[in-house]
2 protein chains.
Amino acid sequence: MTYMQAHRYLMQFAIRPSVQRTAVMEYLMNHKTHPTVDEIYLALSPGIPTLSKTTVYNTLNLFIEKGAVQMLTIDEKNARYDADTSKHAHFYCSSCGKVYDFMISKPEVYEFPVNPQFNIHSMQLSYYGTCKNCNN
Amino acid sequence: MTYMQAHRYLMQFAIRPSVQRTAVMEYLMNHKTHPTVDEIYLALSPGIPTLSKTTVYNTLNLFIEKGAVQMLTIDEKNARYDADTSKHAHFYCSSCGKVYDFMISKPEVYEFPVNPQFNIHSMQLSYYGTCKNCNN
DNA sequence: TTCACTGCAAATCATTTGCAAGGCC
DNA sequence: GGCCTTGCAAATGATTTGCAGTGAA
């Protein structure tokens, strides 16, 4: 995924593509590891020395508002961000703290239930446990 | 749900039932609103004037460790706690911040998927949107 | 020129830690 | 006595806010 592709993607969401914003989106598209704010900041700092963590926060909050990324609440310590808004679940390893994408083969689990009490906008399906690397 | 029932429930999990611990468990059993630490503390303070928030934190962490309650990560602001460990989903209203229990009729969504990469201990199914009270 | 964006510093808020006092076996 | 529990105060760490400087349309 190139810088220009991230640039175009932002325009689709009517997000003005500044250098900082495009770099954050490019990073999210290329690193499907559901990074934290700190990880994004540390990764981009060398390339953009003036980057501040405030801008990373501002940028991610804007992306969420515009619907370009999803915030994951799977990890109680830090917010994590996912630019992949397609239907998939996540697995959180409580040993190493990594968040993995998790494809569930039953499509019906992703359907929004019908309930007159609730107007559902989105959902999150999260599994917890230990990953293979940590089990051995 | 009485104090004595909460007391017995704690014993089942090999949790020494102090006055503070039993009061926290009794509160969780009687208020299925997925309270935050602060809500629990504020509710119990009048009855137990010496209670400290540290003790509420200690107590809830102990309950989680022993498997007597589940921590919900549905709300990115505060941890929330649920003494009902049976299979059910949750709905988070992004307008009023309330967390509702949400029964999903399809039992298959609660089944742990089989995947050699992951050793699954638990899951959370969370829906986001606005509730009926906030829509009107 | 105007207005949105950026980034530093300070503030806020939830949670954890250190530690001393109290209570139970 | 010894250990577990409690609770205060301080520390930590993520996130937000205030605000002034910068840059683009």
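Note: hydrogens, waters and symmetry copies are ignored here, and every other heavy atom, side chains too, is used. Computed from a predicted structure; not experimentally measured. Throughout, a chain's letter reflects where its sequence line sits, starting with A, and its residues are numbered from 1.
Between the C1' atom of D:dT6 and the CG atom of B:Leu60 lies a distance of 15 Å, rounded to the nearest Å. In this structure, A:Leu51 places its CG atom 15 Å from C1' of D:dT22, rounding to the nearest Å. Note: CG (A:Leu62) to P (C:dA4) measures 13 Å, nearest angstrom. Rounded to an integer number of Å, the gap from OH of A:Tyr81 to C1' of D:dA14 is 10 Å. As rounded to whole Å, 15 Å separates atom C1' of C:dT16 from atom CG of B:Asn78. Going from atom CZ of B:Arg80 over to atom C1' of C:dT15 covers 16 Å, rounded to whole Å. Here the C1' atom of nucleotide C:dG7 and the CG atom of A:Asn58 are 9 Å apart, to the nearest Å. Distance, A:Glu65 CD to D:dT16 C1': 15 Å, rounded to whole Å.
With hydrophobic clusters built from ILVMFWY side chains whose heavy atoms lie under 4.5 angstrom apart, B:Met4 does not share a cluster with B:Tyr9. Linking Ile, Leu, Val, Met, Phe, Trp and Tyr whenever their side-chain heavy atoms come within less than 4.5 Å leaves A:Val99 and A:Met123 in two separate clusters.
Remark: A:Thr55 is in phosphate contact with C:dG7, judged by side-chain N or O atoms under 4.0 Å from OP1 or OP2. Listed pair A:Tyr57 / D:dT15 meets the phosphate criterion, a side-chain N or O lying under 4.0 Å from OP1 or OP2.
The side chain of B:Ala79 lies closest to C:dT15 when the candidates are D:dT5, C:dT15, C:dC8. Between D:dG7, C:dT6, C:dC25, one nucleotide has an atom nearer to the side chain of B:Arg16 than all others, and that is C:dC25.
A:Lys77 comes within 4.0 angstrom of sugar-phosphate atoms only, judged by non-hydrogen atoms across all strands, and of no base. Within the 4.0 angstrom heavy-atom criterion, only backbone atoms of the sugar-phosphate kind lie near B:Thr50; the bases stay farther away. A:Asn61 comes within 4.0 angstrom of the backbone, heavy atoms only, and of no base. Across all strands shown, A:Ser18 has heavy atoms under 4.0 Å from sugar-phosphate atoms exclusively, and none from any base.
When ring centroids are compared, A:Tyr127 and A:Phe91 stay outside the 6.0 Å threshold.
Residues B:Asp38 and B:Thr36 bring no donor and acceptor atom of their side chains to less than 3.5 Å of each other.
One can find a donor-acceptor pair under 3.5 Å joining the base of D:dC8 and the side-chain atoms of B:Thr54.
Between A:Lys32 and A:Asp82 there is no salt bridge, since none of the side-chain N atoms of the basic residue sits less than 4.0 Å from a carboxylate O of the acidic one.
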